[in-house]
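In what follows, every heavy atom counts, from backbone to side chain, and hydrogens, waters and symmetry copies are set aside. Since the model is a prediction, treat every value here as computed from it, not as a measurement. Naming convention: chains lettered A, B, ... in sequence-line order (proteins, then strands); numbering from 1 in each chain.
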Amino acid sequence: MSAPKVRVRFAPSPTGGLHLGGVRTVLFNYLFAKQHKGDFVLRIEDTDQSRYVESAEQYILDCLQWCGLTPDESPAVGGRFAPYRQSERKAIYREYAERLVAQGHAYYAFDTTEELDAKRKEIPNFQYGQLHRGDLRNSLSLKTAEVEHLLNDGVPHVIRIKIPEDESVRFHDMIRGDVSFETNLVDDKVLLKADGMPTYHLAVVVDDYLMKITHAFRGEEWLPSAPIHILLWRYLGWEADMPQWVHLPLILKPDGHGKLSKRDGARLGFPVFAMNWFDAKTDELTAGFRELGFLPEAFVNLLAMLGWNAGTDQEIFTLDELIANFSIERVSKAGAKFDFEKAKWYNAEWIKKLSAENLMPKVKAILEGKGIAVNADAYLIKVIDTVKDRCTLLPDFYQQAGYFFIVPAVYDLAAVKPKWTDTKTDFFSALITRFTEAPSWEAMHLEIEFKYLLEETGFKIGDVMLPLRIMLVGGKFGPHVFDIAALLGKEETINRINLALEAFAG
RNA sequence: GGCCCGUUCGUCUAGGGGUUAGGACGUUAGAUUUUCAUUCUAGAAACAGGGGUUCGAUUCCCCUACGGGCUACCA
């Protein structure tokens, strides 16, 4: 018997932006699938019509594409097991729910939300389960004739799983090892809602079975409901095909406590979503890593290292390296607090690692977004090469590269004016002459010209170097001054010295 | 409250019955760069507590504490 082809799925509900933790779940799914030459499926769990947000599905697709974690099967590209939207599979679930009822593993329940709320208030630690199900309105407590009557009258009802008494449900989790729950403490969860839609519990089991999922990755918050799923696999007669469970540790708030949430991003000043998310209902824009200037390579890399490591000192990984090295055994059990400082470090490393050619389109977009036209790509590439080591996020290229394209709008006058003298004006006038006559415009030669003039005039390098920098770039930043001048070219360099001289004199 | 999962520097983590408990981010100091950053060097910084088991426990077991998750006709 050969092992079945590895098939994994990411099954988000389209209710809003895609969270860091969600992307990491995708990533671990993807890495595992690709390592085993398996399939990665995207299934949209849109069974909650009240929380459904129309643009969310496309947004999720876009996020995955940006990250380079493209699904093999999805609502967008289809696949052998289509449809991949649970709302379009609605009819399938009822059949299985009814089968469970027929087998005695589930039952109809007619209680209204109000009635249940009242029960919860009345009885502390109320559970819809063995203790109370006899006192409620369901096909277990009601007479058969009455149930039939209610059903025929179309009275709204749900189907609940009948959790057995005094059993212990044990299962193996690839990260946590053996886990067990007592059924007496598990309640009779709703399987099929009154609107005919399945709940997550039924849908995930049915679809994982039908879609031949072999490994079920999900966040640790699902661990407590795992016994329901195990029971369902068993009652539906599919236990032999049950996937391996992989409950991933959670990503936690960096400061206080608890799961990282959208609110934390706004509160602490860092993104939580992969890409910008606009909520049309509240008119609220939530920042994304992409728009903040993260490279997808860095984003994927930093997410991989949140809860996993290769067992070596290597921290910078390409996607292919992650695929080659990933292993579930090396995923940690404990939740990880998200550290934005480290996240930025990953991005800086990736900017350094990637070639200027590779970075060019993104930098160009940053500059153009700031109204700086880039006409020559070859020039931009040279510029990127000289400044990329000083950039952490993509927008840093605006400050670090912008002045290669436009004359500084403002000068750091506070750094020059207090020490400015007429003799300095003379020095720079002489420098213009020397530069004008310079036979070569290479950085090294410009520096030599500069130093000759220093000797002639008796200035110290410290007196005039900073002013020259500010003339060319506007402030105290950027690469070596003569590298800048060399790239700027003779005409532009001289032009900027002239312009600055006027500004400094005023 | 109940149930489940977890616990090594501030953070992400390596390690594992006998180690100077390693790396990275951040931080501190210094070098380089007469800008800023990069880079380099050095430093501070951790096994939650209590019981066992053992010649020996941070590592194995138990308890406690703490943290987290779940406890919806949401996923």
Asn184(A)-Glu165(A) side chain donor-acceptor pair, cut-off 3.5 Å: no
Atom [atom1] of [X] to atom [atom2] of [N]: distance rounded to whole Å?
X         : N      : atom1 : atom2 : answer
Gln127(A) : U71(B) : CD    : P     : 11 Å
Lys337(A) : U13(B) : NZ    : P     : 11 Å
Ile351(A) : A37(B) : CD1   : P     : 16 Å
Arg85(A)  : A75(B) : CZ    : C1'   : 18 Å
Asn347(A) : U38(B) : CG    : P     : 14 Å

Please enumerate all protein N or O atoms sitting under 3.5 Å from an N or O of nucleotides 25-33 of chain B, with distances to 0.1 Å.
| residue | atom | partner | partner atom | Å |
| --- | --- | --- | --- | --- |
| C25(B) | O2' | Lys342(A) | N | 3.3 |

Presence of Lys476(A) side-chain N/O under 4.0 Å of A37(B) phosphate oxygens OP1/OP2: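 Lys476(A) to A37(B) OP1/OP2: no side-chain N or O under 4.0 Å.
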Give me the distances for all protein-to-nucleotides 72-74 of chain B N/O pairs that come in under 3.5 Å?
| residue | atom | partner | partner atom | Å |
| --- | --- | --- | --- | --- |
| C73(B) | OP2 | Arg160(A) | NH2 | 3.2 |
| C73(B) | O2 | Ala194(A) | N | 2.8 |
| C73(B) | N4 | Asp111(A) | O | 2.9 |
| C74(B) | OP2 | Lys193(A) | NZ | 3.0 |
| C74(B) | O2' | Asp48(A) | OD2 | 3.0 |
| C74(B) | O2' | Arg51(A) | NE | 3.4 |
| C74(B) | O2' | Arg51(A) | NH2 | 3.2 |
| C74(B) | O2 | Arg51(A) | NH2 | 3.4 |

Nucleotide forming a Watson-Crick or wobble pair with U32(B), both distances under 3.5 Å: none
U53(B) pairs with, by Watson-Crick or G-U criteria that keep both distances under 3.5 Å: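 The answer is none; no pair meets the criterion.
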Sugar-phosphate only, base, or nothing, as touched by Gly307(A) at under 4.0 Å among non-hydrogen atoms: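 Contact class for Gly307(A): sugar-phosphate only.
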Salt-bridge present ([X], [Y]; N to O < 4.0 Å):
X         : Y         : result
Glu95(A)  : Arg99(A)  : no
Asp385(A) : Lys382(A) : no
Asp255(A) : Arg267(A) : yes

Please write out the pairs of protein N or O atoms and N or O atoms of nucleotides 61-66 of chain B separated by less than 3.5 Å, giving the distance to one decimal.
none

Partners passing side-chain hydrogen bond (donor to acceptor under 3.5 Å, both in side chains) against Lys353(A) (at least two apart in sequence or in another chain):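 Once residues adjacent in sequence are excluded, Lys353(A) has no partner under the side-chain hydrogen bond (donor to acceptor under 3.5 Å, both in side chains) criterion.
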All side-chain hydrogen bond (donor to acceptor under 3.5 Å, both in side chains) counterparts of Glu115(A), not counting sequence neighbours: none
Spacing of the C1' atoms in C60(B) and G67(B) (rounded, Å):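 Here G67(B) and C60(B) have their C1' atoms 23 Å from each other.
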Distance-only donor-acceptor test, Asn125(A) side-chain atoms vs G2(B) base atoms, 3.5 Å: no
Residues in ring-ring contact (aromatic ring centres under 6.0 Å, His included) contact with Phe217(A), at least two apart in sequence or another chain: Phe32(A)
Contacts of Tyr403(A) that satisfy ring-ring contact (aromatic ring centres under 6.0 Å, His included) - sequence neighbours left out: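 Tyr403(A): ring-ring contact (aromatic ring centres under 6.0 Å, His included) contacts with Phe477(A).
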Parallel, tilted or perpendicular, as decided by the 30° and 60° cut-offs, for the rings of Trp222(A) and His229(A): tilted
Nucleotide-resolved protein contact map, nucleotides 3-9 of chain B, B/S/- at heavy-atom distance under 4.0 Å: SSSSS--
Lys388(A): salt bridge (charged side-chain N to carboxylate O under 4.0 Å, His left out) partners, not counting sequence neighbours: none
Listed partners of Arg85(A) passing salt bridge (charged side-chain N to carboxylate O under 4.0 Å, His left out), at least two apart: Glu57(A), Glu88(A)
Listed once per pair and sorted, the salt bridge (Lys or Arg N to Asp or Glu O under 4.0 Å) pairs that draw on residues 307-319 of chain A, sequence neighbours left out: Glu315(A)-Lys342(A)
Qualifying salt bridge (Lys or Arg N to Asp or Glu O under 4.0 Å) pairs with a residue from residues 450-459 of chain A, counting only residues at least two apart or across chains: Arg434(A)-Glu456(A), Glu447(A)-Lys451(A)
